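From a predicted model like this one, the values you see are computed outputs, not experimental measurements. Computed over heavy atoms, backbone and side chain alike; hydrogens, waters and symmetry mates excluded. Order of the sequence lines sets the chain letters (A, B, ...), proteins ahead of strands, with each chain counted from 1.
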Number of protein chains: 2
Amino acid sequence: MRIDDIDEQIVVRLRDDGRASFATVGAAVGLSASAVKRRVDRMLDAGVITGFTAVVDPEALGWTTEAYVELWCAPSSTPAQVLAVAARHPQVVSAATISGEADALVHVRATSVHDFERVLERIGADPAVVRTKSAIVLSRGVLRT
Amino acid sequence: MRIDDIDEQIVVRLRDDGRASFATVGAAVGLSASAVKRRVDRMLDAGVITGFTAVVDPEALGWTTEAYVELWCAPSSTPAQVLAVAARHPQVVSAATISGEADALVHVRATSVHDFERVLERIGADPAVVRTKSAIVLSRGVLRT
DNA sequence: TCTGAAATTAAGACGTA
DNA sequence: TACGTCTTAATTTCAGA
């Protein structure tokens with residue numbers, strides 16, 4: 001899909017405030033509300049904008065423990081299978097196969113260190129996973145997801 | 001702040017659709033639109049809900065290269081300083097200090113491998129950073145951020 | 001792309017339990 | 001304190017130019 005300059009400006013405004021009215025966005029980018037809506041609908045259809053969401057403070061909801069886990073997978077299993085293993089747990093925020101020593105990197109948010117330990121055990125217990133190596137997050141710098 | 005069961009349900013709905021109307025959310029959780037609005041406003045004030053945003057497909061906007069970079073920082077510098085270094089680059093999606101061997105882990109999105117190399121060089125050139133070790137993302141599994 | 005009208009929604013005031 | 005209802009202003013949505 002073709003994204004022009006105005007589309008990008010619209011995306012920037014909507015990332016900044018996902019509930020901004022089309023009229024407000026239009027005023028900022030120099031279009032009418034309906035023109036903005038049509039562009040947004042088009043980007044939603046094309047998958048450029050996946051959707052809208054509320055940004056929540058994990059700590060406030062009790063997700064106080066955060067960690068990154070490197071995964072080594074068995075020779076007989078594919079990294080894709082390992083990702084599937086990770087995705088089964090609701091504590092897994094993201095998972096990706098990577099270059100380098102480990103095969104995959106998993107981002108986990110748990111309600112406690114104990115909760116994290118449980119997830120780690122379950123992931124490690126899967127036959128597709130040979131070894132794990134985890135690093136607990138001490139403090140957050142940026143989070144621009 | 002006290003979050004009750006209904007608040008959590010509201011958060012779930014708004015995470016699923018950040019532009020859902022208060023009436024729609026209310027119908028789902030058994031409240032009137034104004035009651036939902038009051039609760040959402042309260043959660044916004046309390047910082048439980050940080051805001052609303054459009055979820056964008058990075059690939060569609062040209063951010064095709066993704067990587068994780070481990071950082072080792074100089075003895076004279078604090079991990080917090082290292083995070084600040086990372087945060088200066090718009091390509092840095094997130095940064096956190098971690099336990100384990102490395103001092104920090106940085107999540108980067110760049111427009112190309114070349115673009116990523118440039119960021120990596122700049123971060124590595126900072127006096128607070130002693131060493132970096134990066135892993136390029138090969139494929140994404142989940143991304144529930 | 002804009003305009004304009006109809007339907008929907010947001011936002012706030014008011015009364016109640 | 002928290003809820004629902006009601007009212008008004010703003011917004012969305014879709015038609016047509």
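- Interface residues of residues 2-14 of chain B facing DNA chain D, ordered by number: none; criterion, heavy-atom separation under 4.0 Å.
- Residues meeting the salt bridge (Lys or Arg N to Asp or Glu O under 4.0 Å) test with B:R19, sequence neighbours left out: none.
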Stepwise side-chain contact (heavy atoms from CB on, under 4.5 Å) check, A:T111 with A:T64
CA-CA 5 Å; A:T111 56; A:T64 52; 5.7 Å; no
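- Hydrophobic cluster membership for B:V113: none, as no Ile, Leu, Val, Met, Phe, Trp or Tyr side chain comes under 4.5 Å of it.
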Check: residues 46-58 of chain B side-chain donor-acceptor pairs under 3.5 Å, at least two apart:
{"from": "B:T53", "atom 1": "OG1", "to": "A:R15", "atom 2": "O", "distance (Å)": "2.6"}
{"from": "B:D57", "atom 1": "OD1", "to": "B:E59", "atom 2": "N", "distance (Å)": "3.3"}

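- Membership of an apolar cluster is not assigned to B:L143, as no side-chain contact below 4.5 Å to another ILVMFWY residue is traced.
- Between A:S32 and C:dC2, a side-chain N or O to OP1/OP2 separation shorter than 4.0 Å is present.
- Cluster note: A:I136 groups with A:V69, A:L71, A:V82, A:V92, A:V106, A:V108, A:F116, A:V119, A:L120, A:I123, A:V129, B:V142 through ILVMFWY side-chain heavy atoms spaced under 4.5 Å, whether in direct contact or through intervening members.
- A side-chain donor-acceptor contact under 3.5 Å links B:S139 and A:T97.
- By the salt bridge (Lys or Arg N to Asp or Glu O under 4.0 Å) test, B:R118 is found to be paired with B:D115, residues two or more places apart in sequence or in another chain being considered.
- Checked against salt bridge (Lys or Arg N to Asp or Glu O under 4.0 Å), A:R140 has the following partners two or more places apart in sequence or in another chain: A:E66.
- Taking the charged nitrogens against the carboxylate oxygens, A:R2 and A:D7 have no contact shorter than 4.0 Å, which rules out a salt bridge.
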Protein heavy-atom contacts under 4.0 Å, written 5' to 3' over nucleotides 8-17 of chain C as B (base), S (sugar-phosphate only) or - (none), form the string -SSS------
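- Under the rule for a salt bridge (Lys or Arg N to Asp or Glu O under 4.0 Å), the partners of B:D4 that lie at least two apart in sequence or sit in another chain are B:R39.
- For DNA chain D, the outermost nucleotides in 5' to 3' order that have an atom under 4.0 Å from a heavy atom of chain A are D:dT11 to D:dC14.
- Side-chain atoms of A:W72 do not come within 3.5 Å of backbone N or O of A:A104 as any donor-acceptor pair.
- End-to-end axis angle for the helix from C:dT1-D:dA17 to C:dA17-D:dT1, using five pairs per end and rounding to 10°, comes out at 30°.
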